[in-house]
Amino acid sequence: MKLSQYFLPVLKEVPAEAKIISHQLMLRCGMIKQTTAGIYSWLPLGFKVLKKIEEIVHDEQIKAGHIPMLMPTIQPAELWQESGRYDDYGKEMLRINDRQDRNYLYGPTNEELITDIFRSNVSSYKDLPLTLYHIQWKFRDELRPRFGVMRGREFYMKDGYNFDLNEKEAINAYNRHFVSYLRTFNRIGLQAIPMRAETGPIGGNYSHEFLVLANTGESKVFFDKTLLDLDTGQGKLDYYQNTDIEKVVERFTKPYARTEDTHDENLFLEVPEDRRIESKAIEVGQIFYFGTKYSEPMKAFVVSPAGKRVPVHMGSHGIGVSRLVGAIIEASHDEKGIIWPEPVAPFFAGLINLNYRDEECIKVCDQVYEELGSNGIEILYDDTDERPGSKFAKMDLIGLPWQIVVGPKGLKEGKIELVYRRTGEATLLTLGELLEKISTAHKALLEV
RNA sequence: CGGGCUAUGGCGCAGUCUGGUAGCGCGUUCGUCUGGGGGACGAAAGGUCGUGAGUUCAAAUCUCGCUAGCCCGACCA
């Protein structure tokens, strides 16, 4: 993409209404524009990042054997009356009437809708286990939206729902989500710590939240430092080898890790003092097992192997996709701007032409741009006639992983400068070396 | 929902107390110079001062209502 043909309205100054760094940077980078309280338009750069995160979330869900679909944003009140949540949910739910004065709502979550789909199509244990999910806009009418997309009223969320014959099977699904979520956050470039959580309005018996440490986070967390060293292991996982998956979950749930809501000071004090960490964190995902809370009232039954009609056991699981954009920035920025983790960067590299009136510069830039572009590498080429200083500042601000700097000075020596945004490390390379290095780095990114 | 604050050009702000020609910086446009870290000089465009009513010869400025946004708390992916 050539910058001269793109839509990237960057701001030099910090808008007054933005208080936390991710919100400020998203506005300054021209990623979002607030439309009204807690509701944002996603401008091209922000939209690209949102879609990259979404792709990774999809990929990991599909690896775990879960099936993508799409449900609507507007739902009929009747379904929520069946589950009893139409009254329970309160003012957070945006209620809407149509021209016939029928009652609708803008979905804050989809348990009722998915249960309705399930019950009208599945009636045998033979169709289980089943996990369906979608990534869709949600709306919760927060009293006080703030922090940009981190706590908007409208938000983009992956939500999934598992249907199983019994509790044991449903716990397998729970564990599958547990592990796939860890992998998802890792791929996005975040370390998320699973913590025991309250079940809230979703209800149920088991729940874990996944939290990313950040001092601007809204949750207070207490955990054992050893959690920071755990990983889910390398390579492919067979999500249906239940005991293998269970072992991973056990490793992650053994050390103490709780949010303020479930924190138990006495248990925490059993953690050796040098391993106790108290921090602020951002919640980026949550998983629930709630048994038959919805299947019983909504009559989602299947016939068991013994020939009896039994309510299905369910769980639900969410990842805040739009919130993740903010969370990533909170976790990865410096005083100059954003530093995108490579898998979610809106472009893989930025190409800076330091003198757009120099024919040699133009020629070399065009070559780099075409060569990398034809290999499927996304490049943002600053081909504008601005001065070098503002080009550098802009590129640092939007935080693309690599910066390719082409200027008359370097070209005299036959060299192009390559800067790695995260470290600021700069190397002078020939055109051939540069193309090779970027291509290699890009290939490594694809091998997940 | 309780408490506090704000609303003036695209962005950041001054002007309001003490009523009297709407201003500054950044950005934008044009020109000249400049060209490796948000450059210089010159010219220009752009504002019903959130909104409605009131007081007054006169309102960005005073009074009352409304709306929107921000902050602290409670609540939440």
Side-chain angles (χ1 to χ4, degrees), chain A residues 9-20 23-24 27-28 30 33-39 89-93 107-110 135-160 181 192 197-202 207-212 217-219 259-261 281-288 316-327 336-337 352-358 361 382 384-397 403 405-412 415-417 419 424 426 428:
Chain A
V10 302
L11 301 169
K12 203 163 157 181
E13 283 170 292
V14 181
E17 80 264 16
K19 304 296 168 186
I20 64 169
H23 190 193
Q24 293 173 352
L27 291 169
R28 289 190 57 205
K33 180 183 185 313
Q34 179 168 305
T35 296
T36 183
I39 300 179
Y89 218 94
K91 289 194 173 173
E92 272 205 355
M93 186 156 74
T109 176
N110 285 54
I135 299 179
Q136 175 65 292
W137 292 95
K138 306 285 187 300
F139 194 91
R140 292 184 193 170
D141 196 4
E142 298 268 350
L143 275 169
R144 194 182 155 214
R146 63 186 119 165
F147 301 151
V149 299
M150 296 263 280
R151 188 152 159 208
R153 293 195 292 169
E154 188 181 52
F155 57 98
Y156 203 44
M157 181 169 116
K158 173 262 160 183
D159 48 322
Y181 274 27
E198 293 279 9
T199 52
I202 308 285
S207 183
H208 278 88
E209 286 181 342
F210 292 79
L211 293 114
V212 174
E218 291 193 84
S219 309
T259 62
E260 206 167 11
D261 299 334
I282 301 162
E283 187 192 338
V284 291
Q286 187 164 10
I287 58 176
F288 301 89
S316 68
H317 332 87
I319 292 179
V321 176
S322 48
R323 172 179 282 188
L324 274 170
V325 180
K336 292 177 184 167
I352 297 178
N353 184 343
L354 283 181
N355 190 333
Y356 196 67
R357 299 180 187 179
D358 183 299
C361 284
D382 188 343
T384 63
D385 193 20
E386 296 206 29
R387 298 190 44 101
S390 75
K391 291 191 174 188
F392 285 125
K394 190 179 284 187
M395 211 49 97
D396 287 341
L397 178 66
Q403 300 173 349
V405 183
V406 177
K409 278 189 193 170
L411 288 185
K412 251 180 229 151
K415 294 292 174 71
I416 298 168
E417 191 179 52
V419 181
L428 288 171

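Per chain, numbering begins at 1; letters A, B, ... match sequence-line order.
A distance of about 25 Å separates the C1' atoms of B:U51 and B:C57, rounded to the whole Å. Here, B:A53 and B:A74 have their C1' atoms 36 Å apart, quoted to the whole Å. B:A59 and B:G37 are spaced 47 Å apart, taking the C1' atom of each and rounding to whole Å. Comparing B:C11 with B:G27, their P atoms sit 15 Å apart, to the nearest whole Å. As rounded to the nearest Å, B:A45 and B:G25 have P atoms that lie 16 Å from one another. Atom name C1', nucleotides B:G2 and B:C64: the rounded distance is 24 Å, in whole Å.
When heavy atoms are screened at a 4.0 angstrom cut-off, A:Gly152 is found touching base atoms of the nucleic acid. Residue A:Thr36 is classed as a sugar-phosphate contact, given heavy-atom separations below 4.0 Å to backbone atoms only. The residue A:Glu17 sits close only to the backbone: its heavy atoms come under 4.0 Å of sugar-phosphate atoms, none of a base. When heavy atoms are screened at a 4.0 angstrom cut-off, A:Val321 is found touching no nucleic acid atom at all.
For a distance-only test at 3.5 Å, the side chain of A:Glu13 qualifies as a donor-acceptor partner of the base of B:G25. At a cut-off of 3.5 angstrom, the base of B:C70 holds no donor-acceptor pair with the side chain of A:Arg144.
Pairing for B:G36 is absent, judged as Watson-Crick or G-U wobble with the two contacts each under 3.5 Å. When both distances must be under 3.5 Å, the Watson-Crick or G-U wobble mate of B:G47 does not exist. B:G19 is unpaired under the Watson-Crick or G-U wobble criterion, no partner having all donor-acceptor distances under 3.5 Å. Taking a pair to require two hydrogen-bonding distances under 3.5 Å in either a Watson-Crick or a G-U wobble arrangement, B:U55 remains unpaired. The partner of B:U6, taking Watson-Crick or G-U wobble pairs whose two distances both stay under 3.5 Å, is B:A68. Partner assigned to B:G73 is B:C1, using Watson-Crick or G-U wobble distances below 3.5 angstrom. B:C41 and B:G31 make up a base pair, with Watson-Crick or G-U wobble contacts both under 3.5 Å.
When every heavy atom of A:Asn355 is checked against every heavy atom of A:Pro408, the shortest pair comes out as CB-CG, 4.1 Å.
Position along RNA chain B of the nearest nucleotide to A:Glu209 versus A:Ala18 favours A:Ala18 as the more 5'-ward residue. Comparing A:Asp261 and A:Val14 by the nucleotide of RNA chain B whose heavy atom lies nearest to each, the residue mapping closer to the 5' end is A:Val14.
In this structure, the side-chain hydrogen bond (donor to acceptor under 3.5 Å, both in side chains) partners of A:His317, at least two apart in sequence or on a different chain, are A:Asn162, A:His177. A:Glu142 pairs by the salt bridge (charged side-chain N to carboxylate O under 4.0 Å, His left out) definition with A:Arg151, not counting sequence neighbours. Under the rule for a side chain to side chain contact (heavy atoms under 4.5 Å, CB included), A:Ala16 has no partner lying at least two apart in sequence or in another chain. Remark: A:Lys138 pairs with A:Asp159 by the side-chain hydrogen bond (donor to acceptor under 3.5 Å, both in side chains) rule, at least two apart or across chains. For A:Pro15, the side chain to side chain contact (heavy atoms under 4.5 Å, CB included) partners are A:Leu11, A:Glu17, A:Leu27, A:Arg28, not counting sequence neighbours.
At a threshold of 4.0 Å, the pair A:Arg357-A:Asp385 counts as salt-bridged, since one of the basic side-chain nitrogens sits closer than that to a carboxylate oxygen.
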Self-check item: Nucleic acid footprint by protein, nucleotides 34-40 of chain B - heavy-atom cut-off 4.0 Å, B for base, S for sugar-phosphate alone
Solution: BBBBBB-

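Contact of the A:Ile135 side chain with the A:Tyr156 side chain is registered, since non-hydrogen atoms from C-beta on lie closer than 4.5 Å.
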